[in-house]
Each structure stands twice: as C-alpha cells, then as structure tokens.
Amino acid sequence: MKNRSWAFLAGGLLVALLLAGVVSNYASSHPDGLDSSLLKGCTVDADDNIVGGSCPAQQARDHELADSPLADYAVRGVQNSFVSTGLSGVLGVLVTFAIGASGFWLLRRRGTTPTDGAAATPTPTDDDETVPTPTDGAAAASRAGTAS
C-alpha cells in the first residue's frame with residue numbers, strides 16, 4: 001500500500017476515534033423515534049421510568065447481553081460516565097477496524113506467481129504507453145530490406 005493510502009487510513013481512524021471517544025458524550029440523551037413511539041400512552045417521570053398508563057414499553061425486558069462489559073454504551077467498572085462512554089466508543093471503533101482490516105487482508109488480491117519457473121509478464125494498464133506493433137507487411141519489408 002502506498003504511503004498516501006496509509007496516511008488516509010490513519011487519518012480516518014484518528015477522526016473515528018475522536019468522534020467515538022469525545023463527541024459521543026455530547027449525543028442527545030432524549031429518546032429517539034422508536035423509544036418515544038413505544039412510550040405513547042404511558043406517563044414517565046424525569047428519569048424516564050414508566051409511572052402510569054399503558055404502552056408497549058411496559059413489556060420491555062433486558063437484553064441477553066445486558067450484563068456484558070460494554071452494555072449500554074459504557075464500560076462496566078468505570079465510574080466516571082464521560083470516560084466510560086468515551087472508552088466504550090473507542091473500543092468499539094478499534095474492534096470494528098480490526099475486524100474490517102482482517103477481512104480486507106484475507107480477501108486481498110494476491111499477485112500471480114509463475115508455476116513453471118518462467119518470469120511473469122506484466123499486464124499493461126491504462127497508464128502504460130502503447131507501443132505500435134509493425135504489421136505483417138511492414139515486418140516483411142523490413143526483413144527484405146535487411147536481407148539484401
């Protein structure tokens with residue numbers, strides 16, 4: 001990979017890490033469209049706990065992975081919520097990057113190697129100059145001119 005590609009990749013990773021580690025802490029804590037539609041018909045208090053009414057959100061249960069180390073956009077065991085959320089985002093970006101990079105590494109194109117010991121012939125690209133080949137008549141005339 002060219003140096004320019006590595007710089008672009010590193011810059012993108014740095015931006016993603018900054019967004020996940022810092023900016024994610026300033027995301028809205030208010031419910032999104034799905035959460036608010038599930039709460040229609042219920043009365044909620046300031047902590048978003050259901051205190052009355054009837055709505056689909058009353059049937060909600062914890063997810064099977066609710067006690068996992070990165071559950072609820074936080075790192076379990078870290079008491080500071082700003083650091084916990086930022087660290088969770090950074091870990092998520094790093095894991096996603098590692099999985100993606102591994103996938104691309106596994107699926108990358110590999111150069112063909114000659115199997116009979118002969119040198120591989122390069123394939124022309126659009127950037128290569130095309131060299132005109134002599135026609136059969138020109139080649140014959142050239143041979144006839146050099147033979148005499």
Scan the side chains in residues 78-103 for donor-acceptor partners under 3.5 Å anywhere in the protein, sequence neighbours excluded, and list what turns up.
residue, atom, partner, partner atom, Å
N80, OD1, F82, N, 3.0
S84, OG, V75, N, 2.7
S84, OG, V75, O, 3.2
T85, OG1, S81, O, 3.0
T96, OG1, G92, O, 2.8
S102, OG, A98, O, 2.7

Got a list of side-chain donor-acceptor pairs under 3.5 Å for residues 55-69, not counting sequence neighbours?
residue, atom, partner, partner atom, Å
Q58, OE1, C55, N, 3.3
Q58, NE2, G53, O, 2.9
H63, ND1, L65, N, 3.0
S68, OG, L65, O, 2.9

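The hydrophobic cluster containing L34 also includes L38, under a criterion of side-chain heavy atoms closer than 4.5 Å among ILVMFWY residues, counted directly or through chains of members. Annotation for V15: hydrophobic cluster partners, listed by chain and number, are L19, V23 (ILVMFWY side-chain heavy atoms under 4.5 Å, direct or chained). Summarising the hydrophobic clusters (Ile, Leu, Val, Met, Phe, Trp, Tyr; side-chain heavy atoms under 4.5 Å, direct or chained), the residues clustered with F8 are none.
Under the side-chain contact (heavy atoms from CB on, under 4.5 Å) criterion, R108 pairs with W105, R110, not counting sequence neighbours.
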